[in-house]
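This chain uses plain numbering: 1 for the first residue, then up along the sequence. Nothing here was measured: the structure is a model prediction, and the numbers come from that model.
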Amino acid sequence: MRTATATLIALTLAAGIAVPAASAAGADHTTDGLWRMDGYGTVLDLRHGTYQEYQTTSVSCLKGDTARRTGPGTYTADGDVLTVRLGRDRDHAALGAASAVGHRKLVRIAALPTACSRPTPKGPLTSFDVFWQSYEENYPFFAAKGIDWHAVRDEYRPQVHKDTTRAELFDIFSRMVRPLYDAHVAVQDGDRVFAEGRPGTEVPDEELDAKVKKFIETRDLAKAPYRRDFANGRITYADLPGGRLGYLRISGFDGYLPDEEASYGAQLAELDRALNTALTPQRSRHLHGLIIDLRINGGGSDALGIHIAERLTDTPYIAYAKRARNDPTDPSRHTRPEPIPVLPAHAPRYTGPVAVLTSGSTVSAGETFTQALIDRPGRTIRIGQPTQGVFSDVMERELPNGMTAWLPNEEYLTDSGRTFDGTGIPPQVTVPVFTKEEFAAERDSGFDRAVDALRTGH
């Protein structure tokens, strides 16, 4: 069997991401310069020890994120580490982030786009045009959602004029995107945020999470001989009565430390502490089944989800393939799908049967983690309700007037090329999840069905 490193290199090469190799003496190893990203509407300026993002459309160029160089081809911003590595030659490279999965291909360019060298007007009409164009060039799902985005522009642009207030423009933007019912679409102006999830679902917040956690502790885990919280309360592990089943509740893939500015590395270390304590070698050998409860999960880092999946297998496999829309005029064109590998962790692992609990409040990274378990070697069953239906990393697009538009531009593909955007990942066993009737009757159909499935093997 190939080593994990060899497997990873093979999978990376299959995705079209070149692994840097030793070059001849005197070759140019630097990643300094100007780069255009394949997809993502982004140009990078990697000069003078800084990482400067330019968010571009056919009508605009606005500065985006910045980072400081901390090593050759390495940059740090907001606790995350970005790496830029040359590919097959000095004019091609790949960008990766520690907190994300996959890479973004870069092509060297000679100069910044002309629009980047002049100020962008900050008036309402320009802000409208940049807002509309950002979705026009990047959003992949208009056809699937039955939305004529050009008709949306024709309806709303006449309502905008030079005296339109910020509040009025915020309301116009919100009305424009509301019919998308996409929890990864949002409009932000300071503390004011508009977002709309899939109808019939509830996007989780702290209040819902606290309510459900208390219900589970009282109803499902009251007699658990061992129960412990980790990661700032975001992770709970319990041994269930009888000692042969374990329960792992994950309410998010971030926020694992009280410090909101905690780095990705610090959160990863906290996750490892939780997993090392919960999935000890003795417990992993002893358990006959593990319930993973994602029913209230607000998302976060896909990489943390892959990290957990690596504790649940002895065999390398592909979690999913990731691609991005990369043609501003043709929404059917995408980057080459990059397979995301799950490699067995060099740490205690549990590889027995798993029951995954999901609902419409399983969002974003909670969904990509669910997807990463679909092809997991070994028995895995999904119980509950379909997930929310949003998988992509979120693009944050700055608008000339200081507002921000959030939107997705990626798809996460199964081995057969299927995506679950919009509809969510369906369960294999459908049961009610935290309905008024369930709460009133102190019933948890998903938990009970998972216990039964793991105990009986059906």
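Residues Val390 and Asp421 form no side-chain contact, since every pair of their non-hydrogen atoms from C-beta on lies 4.5 Å or further apart. A 4.5 Å side-chain heavy-atom check between Leu271 and Phe230 finds every atom pair outside the cut-off. Taking 4.5 Å as the limit, every side-chain heavy atom of Thr313 sits out of range of all side-chain heavy atoms of Arg349. The closest side-chain heavy-atom distance from Thr74 to Arg68 is not below 4.5 Å. Taking the side chain as every heavy atom from C-beta outward, Val160 and Ile172 approach each other to under 4.5 Å. Counting heavy atoms from C-beta on, the side chains of Pro408 and Asp182 come closer than 4.5 Å.
Without hydrogens or angle criteria, Thr50 side chain to Gln52 main chain gives no donor-acceptor distance under 3.5 Å. With Arg249 contributing its side chain and Ser251 its backbone, the two residues share no donor-acceptor pair below 3.5 Å. Without hydrogens or angle criteria, Gln188 side chain to Met403 main chain gives no donor-acceptor distance under 3.5 Å. Not a single donor-acceptor pair under 3.5 Å links the side chain of Glu338 to the backbone N or O of Lys322. Remark: side-chain polar atoms of Asn232 are not paired, donor with acceptor, to backbone N or O of Arg234 under 3.5 angstrom. No donor-acceptor pair under 3.5 Å is formed between the side chain of Thr435 and the backbone N or O of Pro432. With Gln267 contributing its side chain and Gly255 its backbone, the two residues share a donor-acceptor pair below 3.5 Å. In terms of modelled atom types and a separation under 3.5 Å, the side chain of Ser361 and the main chain of Val203 share no donor-acceptor contact. At least one donor-acceptor pair closer than 3.5 Å links the side chain of Asn297 to the backbone N or O of Ile250. Panel note: side chain Thr362, backbone Leu294; a donor-acceptor pair is recorded below 3.5 Å.
The stretch residues 404-423 participates, sequence neighbours left out, in these ring-ring contact (aromatic ring centres under 6.0 Å, His included) pairs: Tyr320-Tyr412. For the salt bridge (Lys or Arg N to Asp or Glu O under 4.0 Å) condition, the pairs that include at least one residue of residues 35-55, sequence neighbours left out, are Asp45-Arg47. Under the disulfide (SG to SG under 2.5 Å) criterion, the residue pairs touching residues 55-150 are Cys61-Cys116, with sequence neighbours excluded. Screening residues 355-364 for salt bridge (Lys or Arg N to Asp or Glu O under 4.0 Å), with sequence neighbours left out, gives no hits. Sequence neighbours left out, not one pair with a member in residues 140-149 passes side chain to side chain donor-acceptor pair (under 3.5 Å). Residues in residues 123-135 take part in these salt bridge (Lys or Arg N to Asp or Glu O under 4.0 Å) pairs, two or more places apart or across chains: Asp129-Arg157.
Atom-to-atom distance recorded for Asp209:CG and Lys213:NZ is 7.0 Å, nearest 0.5 angstrom. The CZ atom of Arg382 lies 12.0 Å from the CG atom of Leu357; values are rounded to the nearest 0.5 Å. One distance of note links CZ of Arg418 with CD of Gln371; it measures 9.5 Å at 0.5 Å rounding. Ile292 CD1 to Ile383 CD1: the interatomic distance, rounded to the nearest 0.5 Å, is 12.0 Å. Note that the OG1 atom of Thr236 and the CD1 atom of Ile216 stand 8.5 Å from one another [nearest 0.5 Å]. Separation of atoms OG1 (Thr358) and CD (Gln428) is listed at 9.5 Å; rounding is to 0.5 Å.
Residues passing the side chain to side chain donor-acceptor pair (under 3.5 Å) test with Thr76 are Thr70, sequence neighbours excluded. In terms of the side-chain contact (heavy atoms from CB on, under 4.5 Å) criterion, residue partners of Val84 (sequence neighbours excluded) are, by chain and number, Thr31, Leu46, Tyr75, Ala93, Leu95, Leu106. Every residue two or more places apart in sequence or in another chain was checked for a salt bridge (charged side-chain N to carboxylate O under 4.0 Å, His left out) with Asp80, and none qualifies. Among residues two or more places apart in sequence or in another chain, the side chain to side chain donor-acceptor pair (under 3.5 Å) test is passed with Thr414 by Ser416. Scored by the side-chain contact (heavy atoms from CB on, under 4.5 Å) test, Asp205 finds Glu207, Leu208 as partners (sequence neighbours excluded). Not counting sequence neighbours, the partners of Gln159 by the side chain to side chain donor-acceptor pair (under 3.5 Å) test are Arg175.
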Inset, instruction - Please step through side chain to side chain donor-acceptor pair (under 3.5 Å) for the pair Glu411 and Thr419, ending with a clear verdict. - result: CA-CA 7 Å; Glu411 295 177 329; Thr419 70; 4.8 Å; no
Inset, instruction - May I have the step-by-step check of side chain to side chain donor-acceptor pair (under 3.5 Å) for Thr368 and Asp302, ending in yes or no? - result: CA-CA 7 Å; Thr368 65; Asp302 292 339; 2.8 Å; yes
Inset, instruction - Take Asp32 and His48 through the side chain to side chain donor-acceptor pair (under 3.5 Å) test and state the conclusion after the steps. - result: CA-CA 8 Å; Asp32 284 6; His48 314 299; over 6 Å; no
Legend entry - Working for side-chain contact (heavy atoms from CB on, under 4.5 Å), residues Val152 and Phe142: CA-CA 11 Å; Val152 172; Phe142 287 124; over 6 Å; no
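Residue-environment remark: CG (Asp78) stays at or below the threshold of 12 foreign heavy atoms within 6.0 Å. In Arg192, the CZ atom is crowded: over 12 heavy atoms of neighbouring residues, nucleotides or ligands sit closer than 6.0 Å.
Between Phe253 and Phe369, the distance separating the two ring centers is shorter than 6.0 angstrom. Note: Trp35 and His92 fail the aromatic proximity criterion, with ring centroids not under 6.0 Å apart.
Checking Gln385 against Thr430 by side-chain atom types alone, no donor-acceptor pair falls below 3.5 Å. A side-chain N or O of His184 and one of Ser364 form a donor-acceptor pair less than 3.5 Å apart. His150 and Glu136 share a side-chain donor-acceptor pair at under 3.5 Å.
When all heavy atoms are compared, the tightest approach of Lys122 to Ser127 is O-OG, 3.9 Å. Of all non-hydrogen atoms in Pro339 and Pro341, the two that sit nearest each other are O-CD, 3.5 Å. Scanning both residues, Gly384 and Val433, for their nearest heavy atoms gives CA-CG2, 3.8 Å. Across every non-hydrogen atom of Pro337 and Ala321, the tightest pair is CB-CB, 4.0 Å. The shortest heavy-atom contact between Thr423 and Pro386 is O-CB, 3.7 Å. Smallest separation of non-hydrogen atoms from Asn276 and Pro348: OD1-CD, 4.2 Å.
With a 6.0 Å cutoff to the six-membered ring centre and a 45° limit on the axis angle, Arg104 counts as a cation-pi contact of Tyr40.
Between Phe141 and Tyr139, the ring planes lie perpendicular to each other; the angle is over 60°, past the 30° to 60° tilted range.
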